[in-house]
Amino acid sequence: MLLKLKYTKVNTEKTKRPNPSRVRDHLANERTYLAWMRTAISLMGFGVVIVRLRAFHPPMLPTPGNGWKLGLLFSAVGLLTVLFSTKHYFGVRHDIDYDTYEPTDRWVILFSLAIAILGAGVIYYIFTVPASSFGLMTPE
């Protein structure tokens, strides 16, 4: 019995393996995006903790204070981080696909300024709240 083999022309353009460097670039982009997501979740969680701690203010204080504003600011920056990092991820993904990626410094500078302002807010809040309002921290 004679086997007949058919010769089929294979389109090498479609079966060509992707450039491993490009794959690594996409994976690095995804890892960076996930790091931004973890940061955003941490910021929002920290904001919620600050707002929730407001509920434990001592009865000596007639007003809830300004701590909730700082917590709200942390949560808002966390939400903006989600939005901006998602936009940045898809922009970098497009640039990697078309081999036009150029790193920018604006996101690093913007986020560094936001975190510095939030940190300054926490320090300001800690040093401006009267010591008597920390109730459980000061011995009686």
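Here, residue 1 is the first one in the sequence, and each next residue gets the next number. Heavy-atom basis, side chains included; hydrogens, waters and symmetry copies ignored.
Cluster membership check: I115 does not share its hydrophobic cluster with L79, using side-chain heavy-atom separations under 4.5 Å among Ile, Leu, Val, Met, Phe, Trp and Tyr. Under the 4.5 Å side-chain heavy-atom criterion for Ile, Leu, Val, Met, Phe, Trp and Tyr, V82 and F111 are members of distinct hydrophobic clusters.
In this structure D95 satisfies the salt bridge (Lys or Arg N to Asp or Glu O under 4.0 Å) test with no other residue, sequence neighbours excluded.
Summarising the geometry, atom CG belonging to L34 is positioned 8.0 Å from atom CE belonging to M37; distances are rounded to the nearest 0.5 Å. Atom CZ of R93 is separated from atom NE2 of H88 by 14.0 Å, given to the nearest 0.5 angstrom. Residue S42 holds its OG atom at 9.0 Å from CE of M44, rounded to the nearest 0.5 Å.
Of all non-hydrogen atoms in V77 and T81, the two that sit nearest each other are O-OG1, 2.7 Å. Closest approach of A40 and G78 over heavy atoms only: CB-O, 3.3 Å. Heavy atoms only, all atoms of each residue included: L118 and L43 are closest at CD1-CD2, 4.1 Å. Between H26 and I96, the shortest heavy-atom distance links the atoms NE2-CG2, 3.4 Å. Looking at every heavy atom in both residues, G47 comes nearest to S75 through CA-OG, 3.6 Å. Closest non-hydrogen pair, T104 versus W107, comes out as OG1-CD1, 3.7 Å.
No side-chain donor-acceptor contact under 3.5 Å links N29 to the backbone of V92.
In this pair, F46 and F74 present their aromatic rings perpendicular. The plane angle is above 60°, beyond the 30 to 60° band. Note: Y33 and Y89 have tilted aromatic rings, judged against thresholds of 30 and 60 degrees for the angle between ring planes.
The stretch residues 26-48 participates, sequence neighbours left out, in no salt bridge (charged side-chain N to carboxylate O under 4.0 Å, His left out) pair at all.
Using a 4.0 Å cut-off between a side-chain N of Lys or Arg and a carboxylate O of Asp or Glu, R22 and D99 do not qualify as a salt bridge.
Through ILVMFWY side-chain contacts below 4.5 Å, Y98 is grouped with nothing and stands alone.
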